[in-house]
Structure formats: C-alpha cells, structure tokens
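Below is one structure, written out as structure tokens; the observations come after it.
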Amino acid sequence: MSQQTGSTLSLRAQDASSAAAQNLMWDILVDTWCPASNPNGYINVGVAENALMHTELLQYLNKNPQLPAEYLTYNDGGGGSNRLRRSIAQFLNRHLKPVIPLDAEHLVVTNGVSPAIEHVSWAFTDPGEGILLGKPFYGTFIPDLSTRPGATVIPVNFEDVDPFSAAAVSKYEEALLAFQNSTGKKVKALMLCHPHNPLGRCYPHEVIVKLMQLCQKYQIHLISDEIYALSVFENTVDEYPPPVTFESALSIDLNGIIDPKLVHVLWGMSKDFGANGLRLGVIISQSSPEFHGALRAISLYSYSSGIADHLVASLLEDDEFTTGYIQENQRRLSESYAFAVEFLKKHSIQYATGCNAAFFLWVDLGKRYRELHGEISAEEEVGEKVMRRLLEEKVFLASGALFGSEKDGWFRIVFTQPRDYLERALKRIVRAVEE
C-alpha cells in the first residue's frame, strides 16, 4: 500500500499553521532571558505585557484566595458568574462613566479579549464579509477577526492623514466603498482600538462621533476595543501632538448619532491590571438582546475558569485597592515612558510622539539604520535587516510589517518592564542598529 504524503488537515488549518510559523512570539516566550536560569535567552519587549505592578497585584491576590464550591461547577453559565458580571459593571461604571449605567445583563465574560474579538467577528459577519481596521494595527487583530470566523479584514490606509483626525474618517469610507464595489460583499463592522495599539494615543470625542455616524450611514457595527482604557498617563516629555483624554464609547450620548444596538465595547484584565495570564475579558453591548442570545449559544467555547472568575470578582469589588492600584500604575507608566523616550533621543532614534496611553513606543529603527549604514540606498527596504539584527542581539520587538505599517522600518517597543530589564533591552536595540 502506497503511503500518502499530503496534509490530512483542512485547508483552513493548513493556512493557520503556515501563518503561525511566521509568528515568532511563541518561540520567544519559551526562551525568555533570565540572568540565573536562561542567560542566553531573548530580552522580550515585543509582547504587550505590563510588569510594572506585578508585585502589588500578586500580594493582593495571594492574600486570601479562598475558593467557594460553586466555582468548581458550571456556576451561572459560560458568560461569567452573576457576581463577576455585577462587579465588572460596578467597576466600569466608576471608571468609564457610561451614559447608561452598566448592569450585569449588558456583559458577557470571555476567557480573554482575543476570544471576545473572535466572537464579535463571528456574530457580525458571514464568511468573506468585511471588517474595517485602520493602519497601523495590533497585528493579532487579523487572525482574531478572520482565522475561524472567516471575515475579511480591510486595512485602511491613511497616507499622510493623522489617523486620529476627523479627516481620517473619509479614508474608512473610501476603503468600505472600494471593498464593496470590488467584491460585491458587505462591510459589517469597524474595529477601533481605543486607546490605540501600537500608537498609544486616544481618539478625540469628535472623531469617535464621526466614526459612529459613518457606521450609522452604512448600518455597520462599531467595535471599540478599550482594553487599555485605564492605562493612561501623563506625558511629561512630548509637546506635540497635545494629549487627548480618554473617553469611552460608552460615555458618549448616542442619541441622534447611531443606533445603540450597533455599538459594542470590549475590556479585560490583561492590560489595565497587568494580568494577561488570568484570561478574562468582557463584551459589553447594551441594546442588542439578539446579539446576547448568539453569544450565549457559543459561550461554552470561551468559558473563563472558576478561579479567574472568583479572583477578578473579589479584586474588582475592592474599590479602595483598585483605585490606588490604577493611580500608581499610571504614575509608573509615565515614568517608564519618559525613561525610554530619553534613551531613544540620546541615541537619535525617531519615535512617534504624543503617547499618553498603553505600553508602546512606535519607533523608526529603519531610518536610524540607514543613517548609520551609508551603503544602503534610500529605496531599499531595511525592516527585515533590522529584525535580523535584533534577533542576533537576542532582543525581541514587534515588527511594523506585522502591524500593517505604511512605512518600512518601524517597530513597536513595549516599555512596561522593570527598569533594569528595559534598559538592557534598549541597549541591545541600539547595538543592533549601530553595529
């Protein structure tokens, strides 16, 4: 009997396997630098994790982790326990100040925001239909939105237009019309990352309103991913562009702007509480019972663990601790950003100014590399060369090529690491570019 040599996987699984082979992140995570146990590992400032408050959070979570028996059962179902959803609603009511106060029935809990993104894509699009996503974007939005739901992500080019300006709204409309005219398929949603990953800025009120009006015009959903909502800070080093105060989509009066059933917000514990590993996110939709019914039908596939449910509910019910935690985190974010910026300036590395939210510096390593290596022509792309040098120096950044960067040579640096770790990473980055 002859042996079969072809793949036994589905075409979609084969495509996913090929895409995963190009994602270095998982290899880096199992080979991270540690001075004692892995001194030859990678310094990782490419993955969006905030370690600035780990000590304080661990002290709190480990203090009294008594687990009631119901958390060993299915409890209140796949969308989160009633207690957890109430605690999230009360917490976000205090911090996001929604026009219509949140209650537990507005929320569906998931095991992280990535499953939440996948769920909204599945619920709003049929395979091949479009979701608008402005450049540059969080790279994992692409597989989250498309790999299993089958949606088509439509990257929006801005060219020289500020993506946070009112003028950028017309770019979304152009992309929508071009997609629908060329494919005959509908655009069903606009994905907004607010505050923005990787640019670290917040959308002004008037721009959010105009994007809502655009969604109303074409009857498409606005999905506002607000996972960095409370990770805002004072920028003490940049004068331009002026910082914009974060304003949740929930805090905008939608009357006369957009049908409320088209507006949805995502949030989670990963970023604002530096707890990626807890795997707990939430989908907030205040005016669409039909959408909640669809989410209930698939909630088994994103069931958060009872331990995470209990820990997060206990944490968010403690107003005194969470208020102090958020304030101290914001102070440390400001300090760490300023330190990283001054280091980049000292070494003549250009970065996108005006960041006042999230964990990122968007840096043009390609420009500095060209300046220092005269043999490279202005037309030659250097992003891959720089990435190879970074990996040779055993430091990992996220490449702008995977973030839809409209220009070559840009990278994302995560500055939310302890000072000595961050400084070590920055020195390796400089060495990779200069040598």
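Distance check: Ile429 CD1 to Ile43 CD1 gives 10.0 Å after rounding to the nearest 0.5 Å. Atom CD1 of Ile227 and atom OG of Ser114 lie 7.5 Å apart (nearest 0.5 Å).
In summary, Arg389 and Glu384 do not engage in a salt bridge, as defined by a charged side-chain N under 4.0 Å from a carboxylate O. The pair Lys210-Glu206 does not count as a salt bridge, with every side-chain nitrogen at least 4.0 angstrom from each carboxylate oxygen. By the 4.0 Å N-to-carboxylate-O rule, Lys185 lies too far from Glu129 to be salt-bridged with it.
Evaluation of the side chain to side chain donor-acceptor pair (under 3.5 Å) test over residues 264-283, restricted to residues two or more places apart or in two chains, returns His221-His264, Ser231-Asp272, His264-Ser285, Trp267-Asp272. A ring-ring contact (aromatic ring centres under 6.0 Å, His included) check over residues 95-118, counting only residues at least two apart or in different chains, returns the pairs Phe91-His95. Within the structure, side chain to side chain donor-acceptor pair (under 3.5 Å) pairs that include any residue of residues 409-420 comprise Asn197-Arg412 (at least two apart or interchain). Sorted by first and then second residue, the salt bridge (charged side-chain N to carboxylate O under 4.0 Å, His left out) pairs involving residues 306-320 (not counting sequence neighbours) are Arg83-Glu317, Arg94-Asp319.
A side-chain donor from one of Glu247 and His205 sits under 3.5 Å from a side-chain acceptor of the other. If you check the side chains of Asn44 and Thr32, you find no donor sitting under 3.5 Å from an acceptor. Residues Tyr218 and Gln180 have side chains that never bring a donor and an acceptor to within less than 3.5 angstrom of each other. Between the side chains of Thr236 and Glu234, no donor-acceptor pair is found at a separation under 3.5 Å.
Under the side chain to side chain contact (heavy atoms under 4.5 Å, CB included) test applied with Ser304, the options Leu278, Val282, Leu280, Thr110 reduce to a single match, Leu280. Considering Ser405, Pro155, Cys193, Pro198 in turn, Pro155 is the only one that fulfils the side chain to side chain contact (heavy atoms under 4.5 Å, CB included) rule with Phe137. Of the listed residues (Thr55, Leu61, Leu57), just one forms a side chain to side chain contact (heavy atoms under 4.5 Å, CB included) with Gln59, and that residue is Thr55.
Counting only heavy atoms from C-beta outward, the side chains of Val414 and Phe360 approach each other to under 4.5 Å.
For Asp408, the side-chain contact (heavy atoms from CB on, under 4.5 Å) partners are Arg370, Glu381, Val382, not counting sequence neighbours. For Glu118, the salt bridge (Lys or Arg N to Asp or Glu O under 4.0 Å) partners two or more places apart in sequence, or in a different chain, are Arg148.
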Derivation and outcome, side-chain hydrogen bond (donor to acceptor under 3.5 Å, both in side chains), residues Tyr351 and Asp238: CA-CA 11 Å; Tyr351 67 98; Asp238 299 332; 2.4 Å; yes
Working for side-chain contact (heavy atoms from CB on, under 4.5 Å), residues Phe273 and Leu315: CA-CA 10 Å; Phe273 282 93; Leu315 176 69; 3.9 Å; yes
Salt bridge (charged side-chain N to carboxylate O under 4.0 Å, His left out) evaluation trace for Glu335 with Arg331: CA-CA 6 Å; Glu335 286 185 349; Arg331 187 189 68 79; 2.6 Å; yes
Intermediate values then yes/no, side-chain contact (heavy atoms from CB on, under 4.5 Å), Asn235 and Val237: CA-CA 6 Å; Asn235 183 332; Val237 291; 3.4 Å; yes
side-chain contact (heavy atoms from CB on, under 4.5 Å) assessment of Phe359 paired with Tyr337: CA-CA 8 Å; Phe359 310 159; Tyr337 175 80; over 6 Å; no
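With ring centers used as reference points, Phe321 lies under 6.0 Å from Tyr325. Close placement of the Tyr203 and Phe164 rings is indicated, their centers lying within 6.0 Å of each other. If you look at Tyr172 and Phe158, their ring centroids are closer than 6.0 Å. Taking the six-membered ring for Trp and the full ring otherwise, His196 and Tyr138 have centroids separated by 6.0 Å or more.
Judged by the 6.0 Å and 45° rule, Lys394 forms a cation-pi pair with Tyr42.
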